Protein chains: 2
Amino acid sequence: MDTLETRELRYFVAVAEELHFGRAAERLGMAQPPLSRAIQQLERRLGVCLLERNRRGVRLTDAGEVLLHEGRAALDAIAAATRRTRRAGGADGPGGSRGRLVLAVKAAASHELLRKLLDAYAAEPGSAEIELLPCGICEQEELLRDGRADAALMHTPWNSLAGFDSEALTTEGQVAVLPAGHPLAARESLSLADVRDVPDLPLARWPTRGTYAPGPGPEIHNQTQLAQLIALGRTVAVVPDSARSWLWAEHTAVPLTDAPPVVTHIVWPAHSRSLTLAGLVRTATRL
Amino acid sequence: MDTLETRELRYFVAVAEELHFGRAAERLGMAQPPLSRAIQQLERRLGVCLLERNRRGVRLTDAGEVLLHEGRAALDAIAAATRRTRRAGGADGPGGSRGRLVLAVKAAASHELLRKLLDAYAAEPGSAEIELLPCGICEQEELLRDGRADAALMHTPWNSLAGFDSEALTTEGQVAVLPAGHPLAARESLSLADVRDVPDLPLARWPTRGTYAPGPGPEIHNQTQLAQLIALGRTVAVVPDSARSWLWAEHTAVPLTDAPPVVTHIVWPAHSRSLTLAGLVRTATRL
DNA sequence: CGCGGTGATACCCGGCGGGTATGACAGGAC
DNA sequence: GTCCTGTCATACCCGCCGGGTATCACCGCG
């Protein structure tokens, strides 16, 4: 009468994402009629209309929109339960050591900090093995939610810490990275306004929470690509101070006076009660 | 091969909580043998040992401990999906107005603020109906997690905001509430040390995150009980400044110089995307 | 008017979730 | 020792329901 089954959630999310019973059924590896029936049963059990079936396609009702969001969150929680239990049971990969932690990090971000953290933690008595999970620009939230990672290093203001527990580790300023020969590269310092208004160098755009702000500059997907575009004189970027470590000879970094500071946090699921994780966090905050 | 069913989670959580197949089966309204079999299947599918069956009782393994925590979170998420979808579909209670929001509040806490918030929000164009859900001292987290509430008013440092999104609304100092006739009641101000060391008045103990710290004072369950115990000269309490509004004639409030400030927040699930909720939060932050 | 494409309906079947009866085993009372 | 008791596991059966196939009803379109 009340509790939804995982299967029903999976089915509904598939239909709500595809907005097409046939395609959704294909994605789920089943035939279309039982899927239609399952969704009908779901609507009857909830006492709520989730989909508007116009001939030619399907649309979500307000309630359907809610169930899509909440259902995704619930499916993530279930996947997380599976993954973390398997990991705790030593049923993963080779070695199968107990208490292993998976730490999600953006490639090449906070490199110095990460090295110090790993060294310091490994020196702790009784420390567990830390597996690093390199991930894309804004993937950490998802990895924490669905249990593929147990902790992550995140950087405000780019990442959102909402929904997680976190501790701030370091704060740093930002610099503008310019082609070495550019006139602005000779300046002692710059303001954000300076950088935004260079006519021949449109500001590179990083994704914020997975989407790109509109603008003239190129959309950046990884750090190597960015480095190359800057070196070729096609763009300028605003990056944290610690990014100086991967600059090329053809780059010049100029401090920004008014850019928001970048804070690196260690982040974990709010409900976590793992002692292993607590140890890692303690080590991190003591750095 | 991988995704857990809601039923399996329910079964496992019941067994893990009871540590007894028979009682768990009774709680689930089923017979013991199929429950045993279901747990075995679960262990085989996860490839992990969850329970240690000694004759005479059952114990959780480390992996079982993890699944208990993560499974509870997942079940909460599923319950939340059900409740919020039903609410969005207007399938709840009489009236069935769309976009209704449920706001969880501790009885009598932040009364002034709550009145202002409700008035201001009701005056907004297109505002939804706000249903108030009075709750116990530290129940708000649970209500948000399992979907019985959409938002809550919480007070740091008593409530933990971990896992939620929040906005701070007001900050206030704390006062010591004493029986009117007590010698300390004549003082202009007090320190926490003063209040803690009154030999004839042990400090009342509020639950923090659901549990009571050890101490000599009485365990407080609600505000009326506290008021009475103070009036009878049995205890002294440290409460936020706004609590002056419910004091009796037999009470005296004395400002505390070094008590941590109490911050009232409006709190909501981090993944929420509801426009109605956003409107309420906007109103609240503008107060 | 037929045709393609949509979701819904009708019907059948096999698997599995659940029940009952019973077993295996350890510990306590005596 | 020998019960008895309380625990979880095993064996077996059955009915339900989830899933498949075939088909329908409907609409838009050339």
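In this text, all values refer to a predicted model and were calculated from it rather than measured experimentally. Quick note on labels: first sequence line is chain A, next is B, and so on, each numbered from 1.
- Residues forming a side-chain hydrogen bond (donor to acceptor under 3.5 Å, both in side chains) with A/Glu142 (at least two apart in sequence, or on another chain): A/Arg148.
- Closest non-hydrogen pair, B/Tyr121 versus B/Ala128, comes out as OH-N, 3.1 Å.
- For B/Glu65, there are no salt bridge (Lys or Arg N to Asp or Glu O under 4.0 Å) partners, not counting sequence neighbours.
- One cannot find a donor-acceptor pair under 3.5 Å joining the base of C/dA8 and the side-chain atoms of A/Gln40.
- Each of A/Met30 and B/Gln32 has a nearest nucleotide on DNA chain D; the 5'-most of these lies closest to B/Gln32.
- Atom CG in B/Leu42 sits about 17 Å away from atom C1' in D/dA9, given to the nearest Å.
- The CD atom of B/Glu5 sits 15 Å away from the P atom of D/dC17 (whole-angstrom rounding).
- There is a side-chain donor-acceptor pair under 3.5 Å between A/Thr6 and B/Thr6.
- Applying the side-chain hydrogen bond (donor to acceptor under 3.5 Å, both in side chains) rule to B/Ser36 yields the partners B/Gln32; only residues at least two apart in sequence or on another chain are considered.
- Side-chain proximity of B/Phe21 to the nucleotides D/dC8, C/dA21, C/dG19 is greatest for D/dC8.
- Under the 4.0 Å criterion applied to side-chain N and carboxylate O atoms, B/Glu18 and B/Arg27 are assigned as salt-bridge partners.
- Across all strands shown, B/Gln41 has heavy atoms under 4.0 Å from sugar-phosphate atoms exclusively, and none from any base.
- Using a cutoff of 4.0 Å between basic side-chain nitrogens and carboxylate oxygens, B/Asp2 and B/Arg45 are not scored as salt-bridged.
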Is there any protein nitrogen or oxygen under 3.5 Å from a nitrogen or oxygen in nucleotides 13-16 of chain D, and what are the pairs?
none

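- Distances shown here put every side-chain N or O of B/Ser36 at or beyond 4.0 Å from the OP1 or OP2 atom of D/dC8.
- The side chain of A/Ala31 lies closest to D/dG20, out of D/dC8, D/dG20, C/dG19.
- Atom CZ of A/Arg53 is separated from atom C1' of D/dC27 by 17 Å (rounded to the nearest Å).
- A straight line from CZ of B/Arg45 to P of C/dC16 spans 11 Å, rounded to a whole angstrom.
- Against DNA chain D, the stretch residues 7-15 of chain B makes no heavy-atom approach under 4.0 Å.
- The two residues A/Leu144 and A/Ala151 make their nearest non-hydrogen contact at CD2-N, 3.5 Å.
- Residues passing the side chain to side chain contact (heavy atoms under 4.5 Å, CB included) test with B/Gln223, sequence neighbours excluded: B/Ala108, B/Trp246.
- Between B/Leu50 atom CG and D/dC8 atom P the separation is 15 Å, expressed in whole Å.
- If you take NE2 of B/His20 and P of D/dG6, they are 10 Å apart, rounded to a whole angstrom.
- Rounded to an integer number of Å, the gap from B/Glu18 CD to D/dC8 P is 11 Å.
- Note: CD1 (B/Ile39) to C1' (D/dA9) measures 13 Å, nearest angstrom.
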